[in-house]
Amino acid sequence: MHDSGAGSVYDTLLERGYIAQVSDEDGVRELLAGTGVRFYIGFDPTADSLHVGHFIPMMVMAHLQRAGHVPIALMGCGTAMVGDPSGRTDLRQMMTLETISANAERFREQMRILLDFSDDRALMVNNADWLLGLNYVDFLRDIGVHFSVNRMLAAEAYKQRMEKGLTFLEFNYMLMQAYDFLELHRRYGVRLQLGGDDQWSNILAGADLIRRKEQTEAYALTIKLLTTSEGIKMGKTARGALWLDPEKCPVFDFYQYWRNIDDADVLNSMRLVTFVPMEEIRGWEHLTGSQLNPVKERLAWEVTAIVHGREAADAARQQARALFAGPGEADDMPETLLDAAELEAGVGLLELLERSGLSPSRSAARRLVRQGGVRLDDEVISDESLVLTAADFADGHRILRAGKKRFHRLRPAD
RNA sequence: GGGGGAGUACCCAAGUGGCCAAAGGGGGCAGACUGUAAAUCUGUUGUCUACGACUUCGGUGGUUCAAAUCCGCUCUCCCCCA
């Protein structure tokens, strides 16, 4: 884990491909050339776990922290009460403050995987502290005057909503985020806000506000969203987003997501989600086809190690190698225990597929069998009415496979 | 406040009394081919005690032998006028 010693952090960010837009490139470069710069990124706790979409901005914060700057992670409990319309086609589900606060608690824990909060090397603040107590009329007179509705409507973030409709509630989001920036400038001297590229107009609004209220230059820098080479958002899995919480996305699945990445996206991902030095990454540029497989494995290990720790990454790698390469198997494969009584009576294959989570329903399990997608150990099972009894477990456990990539261990309970 | 329009499966979107578990596309899943990739081809994609049965077309109550389709009420959203 190391950055290239030479060059400024700004150049590191640029080279690794994080930067999407900057309000004043020279200004930001100069600012970051110093040390101890406080900058912030806001995270609205609208779900109970962070996902890869948040992970990229976190990586940027980590790079900057390692270069001696001070990241401020803003928990958007106040802004989450309103909901950011940027990039959304419809109104977010309104959330209660309790839910939001509980989510923020999870976010806080997950932030620690990448940021060092000790000795004020990074700060965590909550905009509920200043947003929830605001007086409406005061806010309008103090902040609202500085916003032109005409200009707001021209913002890309709102344009998309002009067809589907935009509520006044959401329309205010930009003002709140702008106010956050101002508030953090006043409290901590923050002059730089980072965010996903969809946050561009919101961040600029804040920089403008600071300029007007404080006559100080503030900067906006947006980070590229994690997309495939075809511009499609990455991080979606069959079960939804690629969550950082192992409860919501098992480590093995997380690892496999990166292991199975498209050839065209390997190096780009390597730059964005790992700390592997650029010199090393450049050395892989000429690789093509199956030569990229070891690189994919490295990528998967590196990200997994950052998010879940080295041991978990080692385990996932070992498990994957065992399952795909040889007849072996790993220890921490998900498993289902079968008690003696049910083995006595016999357990149906379809039931097992459903219970293990390999199939969402028995109908789906039946289809899977019919299409030759089910294997018990290495044998394809075509009999959908197959029943397993204690005799089938004479050698201990059996491995149930759905398709080529999903595995589950069945084991008699002791 | 007045007028018009829309809500269909994971998403988009056909269907306007029976031939509808509901066209088509996307996505997902499986198989073939491969490199645990992509592309391509094939199959599949409501549930179940499965050649049949049951539940689904915003919600609810009706009309009818029969409703996603007709009527009343209701919820949500969009557009035009104010």
Side-chain angles (χ1 to χ4, degrees), chain A residues 85 88-94 160-170 227-242 250 252-270 284 287-301 303-304 316-330 333 345-351 353-376 378-387 399-408:
Chain A
R88 293 211 133 227
T89 53
D90 43 21
L91 179 64
R92 276 177 193 275
Q93 182 77 41
M94 287 241 248
Q160 302 172 15
R161 292 297 295 279
M162 294 312 287
E163 308 218 341
K164 272 277 191 175
L166 178 68
T167 61
F168 185 66
L169 173 79
E170 301 169 278
T227 57
T228 66
S229 55
E230 291 174 352
I232 299 162
K233 251 192 203 175
M234 277 176 64
K236 291 241 168 121
T237 69
R239 284 181 224 162
L242 196 59
F252 182 71
D253 292 355
F254 185 86
Y255 177 92
Q256 282 296 307
Y257 176 86
W258 300 102
R259 177 60 186 79
N260 285 320
I261 202 162
D262 194 307
D263 286 4
D265 298 320
V266 190
L267 295 188
N268 187 38
S269 299
M270 190 73 87
W284 295 323
L287 298 179
T288 56
S290 58
Q291 293 175 309
L292 283 167
N293 276 335
V295 184
K296 292 184 183 183
E297 187 177 63
R298 175 74 181 279
L299 169 70
W301 187 87
V303 205
T304 308
R317 180 170 62 190
Q318 191 187 5
Q319 183 176 349
R321 281 179 178 168
L323 288 170
F324 289 100
E329 62 193 77
M333 185 186 304
V347 193
L349 177 68
L350 299 182
E351 184 186 338
L353 283 165
E354 189 186 13
R355 249 167 72 183
S356 63
L358 292 174
S359 251
S361 70
R362 287 186 188 220
S363 295
R366 196 181 299 261
R367 272 178 234 125
L368 202 59
V369 174
R370 284 182 185 170
Q371 301 194 109
V374 174
R375 250 167 280 207
L376 198 52
D378 282 319
E379 180 192 356
V380 175
I381 304 296
S382 56
D383 176 14
E384 52 192 71
S385 60
L386 182 73
V387 171
I399 304 280
L400 186 59
R401 303 176 46 161
K404 292 193 178 69
K405 299 181 188 172
R406 287 148 59 225
F407 307 81
H408 199 93

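Throughout, protein chains are lettered first and strands after them, A, B, ... in sequence-line order, and every chain is numbered starting at 1. These numbers come from a predicted model, not from an experiment. Any value given below was found using the heavy atoms of this structure, including those in side chains, with hydrogens, waters and symmetry copies removed.
Minimum atom distance to the side chain of A:K296 is reached by B:rA37, of the listed B:rU36, B:rA37, B:rC29. Nearest nucleotide to the A:R375 side chain, out of B:rG31, B:rG35, B:rA30: B:rG31.
Donor-acceptor pairing under 3.5 Å, judged by distance alone, is absent between the side chain of A:Q371 and the base of B:rG31. Counting atom types as modelled, A:R370 pairs no side-chain N or O with a base atom of B:rA30 as donor and acceptor under 3.5 Å.
Taking the side chain as every heavy atom from C-beta outward, A:R259 and A:N293 approach each other to under 4.5 Å. Side-chain contact between A:V369 and A:L353 is present, with heavy atoms from C-beta onward closer than 4.5 Å. For the pair A:K405 and A:F324, the minimum side-chain heavy-atom distance is below 4.5 Å.
Using P as the reference atom, B:rG58 and B:rA13 are 14 Å apart when rounded to the nearest Å. For the C1' atoms, the distance from B:rC70 to B:rG24 is 27 Å, rounded to whole Å. On the C1' atoms, B:rC10 is 8 Å away from B:rG28, given to the nearest whole Å. A gap of 30 Å separates the P atoms of B:rC57 and B:rG2, to the nearest Å. Taking the C1' atoms as reference points, B:rC51 lies 49 Å from B:rG4, given to the whole Å. Spacing between B:rC78 and B:rG61 at atom P, rounded to whole Å, works out to 28 Å.
The closest donor-acceptor contact from the side chain of A:K296 to the backbone of A:I261 lies under 3.5 Å. For A:E354 (side chain) and A:E351 (main-chain N/O), no donor-acceptor pair under 3.5 Å exists by modelled atom type.
Using a 4.0 Å heavy-atom criterion, one finds that A:S361 contacts the sugar-phosphate atoms exclusively. A:R401 comes within 4.0 angstrom of no nucleic acid atom, judged by non-hydrogen atoms across all strands. Residue contacts shown for A:Q256 include a base, since a base heavy atom lies under 4.0 Å away. Backbone-only contact: A:R367 has heavy atoms under 4.0 Å from sugar-phosphate atoms and none from a base.
Each of A:R317 and A:E354 was assigned the nucleotide of RNA chain B with the nearest heavy atom; the assignment lying further toward the 5' end belongs to A:R317. The residue among A:L350 and A:P360 whose nearest nucleotide of RNA chain B lies closer to the 5′ end is A:P360.
Between A:F407 atom CZ and B:rA30 atom P there is a gap of 11 Å when expressed in whole angstrom units. Distance A:N260 CG to B:rG28 C1': 15 Å, rounded to the nearest Å. Rounded to whole Å, the distance from CG on A:N293 to P on B:rA38 is 11 Å. Atom CG in A:L368 sits roughly 18 Å away from atom P in B:rG43 (whole-Å rounding). Rounded to whole Å, atom P of B:rU36 lies 13 Å from atom CG of A:L292. Rounded to whole angstrom, the span from the CZ atom of A:R366 across to the C1' atom of B:rU45 amounts to 16 Å. Atom pair A:D265:CG and B:rG35:C1' shows a separation of 16 Å (rounding to whole Å applied).
The shortest distance between the side-chain N/O atoms of A:R362 and the OP1/OP2 oxygens of B:rA50 is not below 4.0 Å. Phosphate proximity of B:rA37 to A:K405: present, with a side-chain N or O under 4.0 Å from OP1 or OP2. A:R259 has no side-chain polar atom (N or O) that falls below the 4.0 Å cut-off from OP1 or OP2 of B:rG35. The phosphate of B:rG35 (OP1 or OP2) has no side-chain N or O of A:K404 nearer than 4.0 angstrom.
For A:R298, the salt bridge (Lys or Arg N to Asp or Glu O under 4.0 Å) criterion is met by A:E280, A:E302, not counting sequence neighbours. The side chain to side chain donor-acceptor pair (under 3.5 Å) test applied to A:E384 returns A:R366, A:R370, not counting sequence neighbours.
Nucleotide B:rU47 forms a pair with B:rA53, judged by Watson-Crick or G-U wobble geometry with both contacts under 3.5 Å. Base pairing analysis places B:rG17 opposite nothing; no Watson-Crick or G-U wobble pair with both distances below 3.5 Å involves it. B:rC41 is paired with B:rG31 under the Watson-Crick or G-U wobble criterion, all donor-acceptor distances under 3.5 Å. If you check B:rC70 for Watson-Crick or wobble pairing at under 3.5 angstrom, you find it paired to B:rG62. Nucleotide B:rG24 is matched to B:rC12 when pairs are restricted to Watson-Crick or G-U wobble geometry with both distances under 3.5 angstrom.
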